[in-house]
Novice: 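Handing you a structure now.
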Amino acid sequence: MAEHKNSCVDCGLVNCNRHESHYPEFCVSQHVSPELAEEAKALYHAEEINEKIAYASASIESDFYCEKTRLEEVALFAERIGAKKLGIATCVGLIRESRIVARYLREKGFLVFGTGCKVGEVDKAYIGLTQVNPCLGTNMCNPILQAKVLNREQTDLNIIIGLCVGHDSLFTKYAEAPCTTLVVKDRVLAHNPVGAIYQADSYYKRKLFGE
Ligand code: SF4
């Protein structure tokens, strides 16, 4: 196993945000090479879409801080980057929710095209999954085809609604348009994974850390 290395997740100071305290000795920001920092900065201006995305997301945070829901922010973001056609990559378990999202976005004037995760209807045996829970159906989620269908539709921005952990990785890997997440799947916590984190010192302590 690789050696433990302290990083931002081990920092209690976060001085990079407001410069109100001091940096930890292992500060990631302070140890990044000037070349790497410049390389990253230059990329914000390397492509028009990078400039648009960086500006739109920062301006939405600034203009509507704690005012807009994430759903509203997605519409604002799409508008500010000039997107006209939106793709929705949805879990079929959240198809009703996706219908509501599509209606909301269409009323905002966007074209919307959705793909459900079972598109293509490929049997789970294709990826070697033979012990299939009969309650769940036999077709596998097909995030690569979801991405390819949205690529074919030439969407300007893709919105992820409830794709499983990992299926989202494949979807974003193959999608050509920028992607943003509206809903993350958590079947236990009503799609609110941070609930487990908020309870990590109390009810979920044993579950998460075995204490
Ligand atoms: S960049 Fe430095 S100060 Fe900021 S969170 Fe990471 S370690 Fe902490």
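What you see below is based on every heavy atom in this structure, not just the backbone, and it leaves out hydrogens, waters and symmetry mates. Counting starts at 1 for both ligands and their atoms, in listed order.
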Novice: Any pair with a residue in residues 91-106 that passes side-chain hydrogen bond (donor to acceptor under 3.5 Å, both in side chains), sequence neighbours left out, goes on the list, sorted by first then second residue, please.
Specialist: Thr90-Ser98, Arg103-Glu107
Novice: Could you please spell out the steps behind the side chain to side chain contact (heavy atoms under 4.5 Å, CB included) verdict for Ile53 and Phe77?
Specialist: CA-CA 8 Å; Ile53 289 174; Phe77 176 63; 3.9 Å; yes
Novice: For the pair Asn142 (side chain) and Lys118 (backbone), establish whether a donor and an acceptor sit closer than 3.5 Å, ignoring hydrogens and angles.
Specialist: no
Novice: State, yes or no, whether a side-chain contact exists between Thr138 and Lys124 at a heavy-atom distance under 4.5 Å.
Specialist: no
Novice: Can a donor-acceptor pair be found, under 3.5 Å and without considering hydrogens, that links the side chain of Asp156 to the backbone of Lys85?
Specialist: yes
Novice: Any donor-acceptor pair under 3.5 Å linking the side chain of Asn17 with the backbone of Val14?
Specialist: no
Novice: How about atom 8 (Fe) of ligand 1, which protein N, O or S atoms come within less than 2.8 Å?
Specialist: Cys11 SG
